[in-house]
Amino acid sequence: MDSVSPKILDGKALAARIKEGLKKEVAQLTAEGLTPGLAVILVGEDPASQVYVRNKERACAELGINSWKHHLPADTSQEDLVQLVKRINADPEVHGILVQLPLPAQIKTEAVLDAIDPAKDVDGFHPVNLGLLAAGRPGIIPCTPAGVIELVKESGVEIAGKECVIVGRSNIVGKPLAFLFLQEHGTVTICHSRTRNLEEVCRRADILVVAAGRAGLVHGGMIKPGAVVIDVGINRTAEGRLTGDVDFASAVQQAGAITPVPGGVGPMTIAMLMKNTVTAARRTVQTLD
Ligand code: NDP
């Protein structure tokens, strides 16, 4: 591949195409009497969380998906939040439930995620969905890893047989992504803060995904010429600018294809959330058939 002019993987454009398809699907479902619906729960006033929730509501409006926002005060108790989740679980108009993370310290995230009906868990964080993914069975796939796979496919590089290296082992990005790469027949390595020789392991990658939350952790010298580089990280510089985990200026010299931040994985995460909501709505009818 030409290492001088790498392909910029435009997540915004790809997300727009996916949403266009979903919009038609939602219109058709609505005509059949089934409007997909998403409930979003936000606890507290975290400014980044407020932006994410607003973007998700905006995407719902754009596609014709019903959305309901439940904005609770920062001192909400775990019990009250779990009760709200249970009430929404029982609401037939809601097909997807999303609890915006992080939650305030007095609330155990696991207790809340576990309370979501797995069929409505459009973030794919419930242990049932993560277990189904690990077992290679159909469930709901977490949005960010699903978006990463779409971006790799967009690069035109086939995953089967490739060295796929993921930096980060969280339950919401790194681990589920590893299972998706395995399903696509990639050879997978997961790195984390205790990994020795991170630079060397990254340099082996045909497909390198960085999800560590450390600005500029990966630079051009850690990238195999021609590799596909997907930057999941979202960090804010001292000047308030968004930046990824990859040092774009040096990485772009080496990569065969690379995502920008912003405009790479972020828009794809939202597109995949919309897709999961439409799928969850569709499955309610399929179950009744
Ligand atoms: P976590 O903090 O949960 O996990 C970070 C992972 O990176 C951990 O496994 C950690 O290792 C590893 N790590 C941290 N520092 C290093 C290092 N120096 N070398 C190697 N590994 C390291 O983060 P998330 O998975 O939730 O998110 C990762 C990033 O992606 C964040 O910037 C987040 O904002 C962004 N993000 C973006 C999304 C999007 O839509 N674009 C969606 C979700 C997240 P260890 O386990 O050993 O601590």
Side-chain angles (χ1 to χ4, degrees), residues 22 26 29-30 33-133 139-146 170-173 176 234 266 269-288:
L22 288 172
V26 171
L29 284 172
T30 301
L34 176 73
T35 304
L38 174 70
V40 181
I41 303 175
L42 172 65
V43 185
E45 307 299 329
D46 178 60
S49 293
Q50 287 183 337
V51 172
Y52 295 143
V53 165
R54 206 175 310 131
N55 289 343
K56 288 163 188 174
E57 285 182 293
R58 206 174 283 157
C60 284
E62 209 183 302
L63 269 57
I65 293 175
N66 285 331
S67 76
W68 298 268
K69 182 167 94 174
H70 300 264
H71 192 173
L72 308 179
D75 62 355
T76 299
S77 70
Q78 180 174 310
E79 199 188 327
D80 284 352
L81 182 52
V82 167
Q83 284 311 319
L84 172 64
V85 168
K86 287 185 175 166
R87 271 206 309 281
I88 307 175
N89 279 344
D91 182 343
E93 281 190 54
V94 177
H95 306 103
I97 302 173
L98 181 149
V99 178
Q100 185 63 48
L101 303 180
L103 290 168
Q106 77 275 12
I107 299 173
K108 283 202 191 79
T109 304
E110 282 84 9
V112 178
L113 296 182
D114 289 3
I116 299 174
D117 175 352
K120 296 190 177 189
D121 166 43
V122 283
D123 253 340
F125 296 163
H126 192 285
V128 165
N129 282 315
L130 290 173
L132 289 169
L133 175 62
I140 300 181
I141 297 169
C143 306
T144 301
S170 72
N171 288 337
I172 64 172
V173 187
I234 302 177
T269 297
I270 295 189
M272 293 298 114
L273 173 68
M274 297 297 110
K275 186 175 172 196
N276 281 350
T277 304
V278 173
T279 306
R282 211 180 256 295
R283 282 186 184 151
T284 58
V285 221
Q286 282 161 350
T287 320
L288 295 175

Closest approach of Leu63 to Met274 (non-hydrogen atoms, all atoms of both residues): CD2-CB, 3.7 Å

What's the shortest heavy-atom distance between Pro36 and Thr30, and which atoms? CD-OG1, 4.5 Å

Write out all pairs satisfying side-chain hydrogen bond (donor to acceptor under 3.5 Å, both in side chains) with one or both partners inside residues 93-116, taking only residues at least two apart or from two chains. Lys56-Gln100

All side-chain hydrogen bond (donor to acceptor under 3.5 Å, both in side chains) counterparts of Asp123, not counting sequence neighbours: none

Any side-chain heavy atom of Val122 within less than 4.5 Å of one from Lys275? no

Where the side chain of Lys120 meets the backbone of Val94, is there a donor-acceptor pair that is under 3.5 Å apart? yes

For Ala48, all residues meeting side chain to side chain contact (heavy atoms under 4.5 Å, CB included), sequence neighbours excluded: Asp46, Tyr52

Minimum heavy-atom distance Pro142-Phe125, with the two atoms named: CB-CE2, 4.2 Å

How would you list, by chain and number, every residue that makes a side chain to side chain contact (heavy atoms under 4.5 Å, CB included) with Ser67, sequence neighbours excluded? Glu57, Cys60

Taking Leu72's backbone N and O only, do any of them form a donor-acceptor pair with Thr76's side chain (distance below 3.5 Å, no angle check)? no

side-chain hydrogen bond (donor to acceptor under 3.5 Å, both in side chains) with Gln50: which residues, sequence neighbours excluded? Glu45

Would you say that Asp117 contacts Ile97 through its side chain, given a criterion of any heavy-atom pair below 4.5 Å between the two side chains? no

side-chain hydrogen bond (donor to acceptor under 3.5 Å, both in side chains) involving Ser170 - partner list, sequence neighbours excluded: none

Qualifying residues under side chain to side chain contact (heavy atoms under 4.5 Å, CB included), relative to Pro92, sequence neighbours excluded: none

Holding to side chain to side chain contact (heavy atoms under 4.5 Å, CB included), I want the full list of residues that pass it with Val40, two or more places apart in sequence or in another chain. Leu38, Val53, Leu98

Between the main-chain N or O of Ile141 and the side-chain N or O of Asn276, is there a donor-acceptor pair closer than 3.5 Å? yes

Mind checking whether Ile41 and Ile88 have side chains closer than 4.5 Å, heavy atoms only? yes

Qualifying residues under side-chain hydrogen bond (donor to acceptor under 3.5 Å, both in side chains), relative to Asp121, sequence neighbours excluded: Asn129

Verdict with supporting geometry, Ile107 and Val112, side chain to side chain contact (heavy atoms under 4.5 Å, CB included): CA-CA 8 Å; Ile107 299 173; Val112 178; 3.5 Å; yes

